[in-house]
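On a predicted model such as this, the values are computed, not experimentally measured, just so you know.
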Amino acid sequence: MSDKRMKFLNTHVDNLTMEEAVEEAKQLILKRKNSYVVTPNVDHIVKIEHDPLFREIYEGADLVLTDGKPLIWMSRLMGMPIKEKISGSDYFPEVCKMAAKEGFSVFLLGAAEGVAKKAAINLMKKYKNLKIAGVYSPSYTFETNAEEIANIIRKINRTKPDILCIGLGAPKQEKFYYKYRDLLHVPLTLHIGATIDFEAGVVKRAPKWVSNVGLEWFYRLMKEPRRLYRRYLLDDVEIVPIFFKYRNRMRIVEPKCCNILGVDIAVTNMRSVIHFLTKELEKLRGEYVCVSNVHTTVMAYNDPSYRVVQNSAAIAVPDGKPLSLICRLRGYRAAQRVAGPDLMPEILRLSEEKGYRHYFYGSTEQTLESLERNLRKNYPRLNIAGVCSPPFRKLTEEEDIETIKMINDSKPDFLWVGLGAPKQERWMYEHRGKINAVMLGVGAAFDFHAGTAKRAPKWMQEFYLEWLYRLIQDPKRLLGRYVRSNAQFIWLILTGH
């Protein structure tokens, strides 16, 4: 993962020039770990929106390079311009040039029978010292043939390439690699679609000027209308609503408040919250953030002391989708959900670049061990200042003083509190001004990112059913809470409270 990764639409991209992207490839090879590169275009963005596995593959990629002028234009309209279009078909020859210079070998997997071999010959003519470790053109339905898959893996591993280039089309190529990546001993894998055909000369690529004006898709459509009309003229049209959906989420909005049942819920979005917390970090030290949902809002309505806790926060963000919906229904169109389990990785990802330090307080020792292990794996440059699993009883005054000193001595910028509501909010309120960090109460986010609990699928989150998924997972503990809280919330809202 480069240090220039940024959130873009429904995924992330590495905002690099071609030169920087080639250097990143070189460094990934030298690390000798299984790394992979993806190049999102409009079609990929649309697929990510509906395919959880494809989204997961993109989230785990070591390098995400933007393929397609339309995406470059969208980034500019969103006020976060991507430096350069880097398509797989342009990136691949540059990587080959670097490989020839550095002595790295390349394996080509994909295209029709004989095409990969022809591409290899052309590449070796173009780059004199390029080493082609091997080529293989699999059968069209190879992914259903266990014997052929085993043969492909053996062939690749036997030739020991430094770079594996897979040209099977998306998402087939990405899903094949992701499924078998632990069996493939290759430092770097590129997913390059039709590039093998281009290099072999069996398919003609669009002229440079056509690509520069963003019409390469139209050129390909004219070449293969029967195969591509559905993708380009039907499926990929969805990029327009996707753009507007995520543009609203990414636009920086100054926090305003919508009062829901007596609780001041911030009218904001993910990017705005991150901007607010990082820009005002020094001013916010000692303050806290409430991640509010239907349950905590109803509790605050019923308990004036807890309402004070909620409203004393530096910001109370709408973790629950119903809260952001109520805000929009009341005229705050910019309101978006900011869930604790989503906020945490966004800030952690930024922290790798900015060097922010983090402390994790709450949950069990087992969960914290798993959480720390996963975070160090997913964010290798993250500064973890410390972790602490407190006893499930109230601390004595001496223990509390010792805890405050322990946390402050580790000098965190952000203190993540996972004690569950309302305990975590009351704890942060009681320690306001005592802890020299921004405190964020994120509840079950510890369990989700530790892997000790599973979060609801994306479609359930989008349809306001995350509460139902959690209820099914833990009915004994949550049945009473959700029946009472949800019913009361609906009644109070419908009766004009």
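- In this structure, Phe392 and Thr364 have side chains that are in contact, with non-hydrogen atoms separated by less than 4.5 Å.
- Counting all heavy atoms, side chain and backbone alike, Gly88 lies closest to Pro93 at O-CD, 4.5 Å.
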Requested in this report: Could you give me the CA-CA distance, side-chain angles and deciding distance for Leu16 and Glu24, then say whether side-chain contact (heavy atoms from CB on, under 4.5 Å) is met?
Outcome: CA-CA 9 Å; Leu16 307 170; Glu24 285 287 338; 3.9 Å; yes
Requested in this report: Walk me through it: do Ile384 and His358 pass the test side-chain contact (heavy atoms from CB on, under 4.5 Å)?
Outcome: CA-CA 5 Å; Ile384 298 178; His358 298 264; 5.5 Å; no
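- Looking only at side-chain heavy atoms (C-beta outward), Asp51 and Lys175 come within less than 4.5 Å of each other.
- Separation of atoms CD1 (Ile48) and OG1 (Thr11) is listed at 4.5 Å; rounding is to 0.5 Å.
- When every heavy atom of Ser137 is checked against every heavy atom of Gly114, the shortest pair comes out as OG-N, 4.0 Å.
- In this structure the side chain of Ile156 reaches within 4.5 angstrom of the side chain of Pro161, judged on heavy atoms.
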Requested in this report: Carefully, step by step, assess Arg376 and Glu372 under the rule salt bridge (Lys or Arg N to Asp or Glu O under 4.0 Å).
Outcome: CA-CA 6 Å; Arg376 292 194 185 283; Glu372 186 174 6; 2.8 Å; yes
Counting only pairs under 3.5 Å, give me each side-chain donor-acceptor contact of residues 186-194, with atom names and distances, residues two or more places apart or in other chains.
residue: His191; atom: ND1; partner: Val37; partner atom: O; Å: 2.9

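- Between Asp90 and Lys85 there is a side-chain heavy-atom pair separated by less than 4.5 Å.
- A distance of 8.0 Å separates OG of Ser363 from CG of Leu371, quoted to the nearest 0.5 Å.
- Counting only distance, with no hydrogens or angles, the side chain of Asp14 and the backbone of Ala21 share no donor-acceptor pair below 3.5 Å.
- Residues satisfying the side-chain hydrogen bond (donor to acceptor under 3.5 Å, both in side chains) criterion with Glu23, sequence neighbours excluded, are Gln27.
- The ring-ring contact (aromatic ring centres under 6.0 Å, His included) search around Phe176 returns Phe142, Tyr180, not counting sequence neighbours.
- Evaluation of the side-chain hydrogen bond (donor to acceptor under 3.5 Å, both in side chains) rule for Asn145 yields no partner, not counting sequence neighbours.
- To the nearest 0.5 Å, the span separating CG on Asn374 from NZ on Lys377 amounts to 7.0 Å.
- For residues 122-131, the pairs satisfying side chain to side chain donor-acceptor pair (under 3.5 Å) are Lys126-Glu199, with sequence neighbours left out.
- Atom NZ of Lys172 has more than 12 heavy atoms from other residues, nucleotides or ligands within 6.0 Å.
- Taking each heavy atom of Ala111 and Ala116 in turn, the nearest pair found is CB-N, 4.3 Å.
- Looking at residues two or more places apart in sequence or on another chain, you find a side-chain hydrogen bond (donor to acceptor under 3.5 Å, both in side chains) between Ser139 and Glu148.
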All N/O donor-acceptor pairs, side-chain side in residues 94-102, below 3.5 Å, sequence neighbours left out:
residue: Glu102; atom: OE2; partner: Lys26; partner atom: NZ; Å: 3.3

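- Separation of atoms CD1 (Ile407) and CZ (Phe360) is listed at 12.5 Å; rounding is to 0.5 Å.
- When atom types are taken as modelled, the side chain of Glu84 and the backbone of Thr17 share no donor-acceptor pair closer than 3.5 angstrom.
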**Report entry** Worked check of side-chain contact (heavy atoms from CB on, under 4.5 Å) between His50 and Arg55
**Finding:** CA-CA 8 Å; His50 303 287; Arg55 180 191 292 265; over 6 Å; no
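- Partner Glu466 forms a side-chain hydrogen bond (donor to acceptor under 3.5 Å, both in side chains) with one of Lys321, Arg337, Lys458 and no other, that one being Arg337.
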Sequence neighbours left out, cut at 3.5 Å: what donor-acceptor pairs do the side chains of residues 38-47 make with other protein atoms?
residue: Asn41; atom: OD1; partner: Asp43; partner atom: N; Å: 3.1
residue: Asn41; atom: OD1; partner: His44; partner atom: N; Å: 2.9
residue: Asp43; atom: OD1; partner: Lys47; partner atom: NZ; Å: 3.1
residue: Asp43; atom: OD2; partner: Lys47; partner atom: NZ; Å: 2.5
residue: His44; atom: ND1; partner: Thr39; partner atom: O; Å: 3.4
residue: His44; atom: ND1; partner: Tyr58; partner atom: OH; Å: 2.6

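- At least one cation-pi condition fails for Arg181 and Tyr177: the charged atom is not both under 6.0 angstrom from the six-membered ring centre and inside a 45 degree cone around its axis.
- Here the side chains of Tyr356 and Leu382 are not in contact, with every heavy-atom distance at 4.5 Å or above.
- In this structure, Tyr469 places its OH atom where more than 12 heavy-atom neighbours from other residues, nucleotides or ligands lie under 6.0 Å away.
- Listed by chain and residue number, Asp162 satisfy the salt bridge (charged side-chain N to carboxylate O under 4.0 Å, His left out) test with Arg32 (two or more places apart in sequence, or in another chain).
- With hydrogens and angles ignored, the 3.5 Å screen pairs a side-chain donor or acceptor of Arg357 with a backbone N or O of Lys411.
- Taking 4.5 Å as the limit, every side-chain heavy atom of Val438 sits out of range of all side-chain heavy atoms of Asp413.
- Interatomic distance, CD1 of Ile132 versus OG of Ser105, reported as 8.5 Å (0.5 Å rounding).
- Asn15 places a side-chain N or O within donor-acceptor distance of the main-chain N or O of Lys83, the cut-off being under 3.5 Å.
- In terms of modelled atom types and a separation under 3.5 Å, the side chain of Asn157 and the main chain of Leu183 share a donor-acceptor contact.
- Heavy-atom minimum distance, Phe414 versus Leu277: CE2-CB, 4.4 Å.
- A donor and an acceptor atom, one from each side chain of Ser89 and Thr195, are located under 3.5 Å apart.
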Sequence neighbours excluded and cut-off under 3.5 Å, please list the side-chain donor-acceptor pairs for residues 64-79, or say none.
residue: Ser75; atom: OG; partner: Ile72; partner atom: O; Å: 2.6
residue: Ser75; atom: OG; partner: Ile82; partner atom: N; Å: 3.0

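- Between the CD atom of Glu365 and the OG atom of Ser370 there is a distance of 12.0 Å, given to the nearest 0.5 Å.
- Closest of all the heavy-atom pairs between Phe446 and Trp416 is CZ-O, 3.3 Å.
- Side chains of His12 and Glu346 form a contact here, defined as non-hydrogen atoms less than 4.5 Å apart.
- Between Pro138 and Glu143 there is no side-chain heavy-atom pair separated by less than 4.5 Å.
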Report task. Would you sort out whether Met270 and Ile274 count as a side-chain contact (heavy atoms from CB on, under 4.5 Å), showing the intermediate values? Result -> CA-CA 6 Å; Met270 183 65 77; Ile274 294 169; 4.0 Å; yes
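- Between Pro341 and Asp319, the shortest heavy-atom contact is CD-OD1, 3.9 Å.
- Taking Asp474 as the reference, Arg477 meet the side-chain hydrogen bond (donor to acceptor under 3.5 Å, both in side chains) condition, with sequence neighbours excluded.
- The aromatic rings of Tyr36 and Tyr178 sit perpendicular to each other, their planes meeting at more than 60°, with 30° as the lower class boundary.
- Looking at residues two or more places apart in sequence or on another chain, you find no side chain to side chain contact (heavy atoms under 4.5 Å, CB included) involving Val237.
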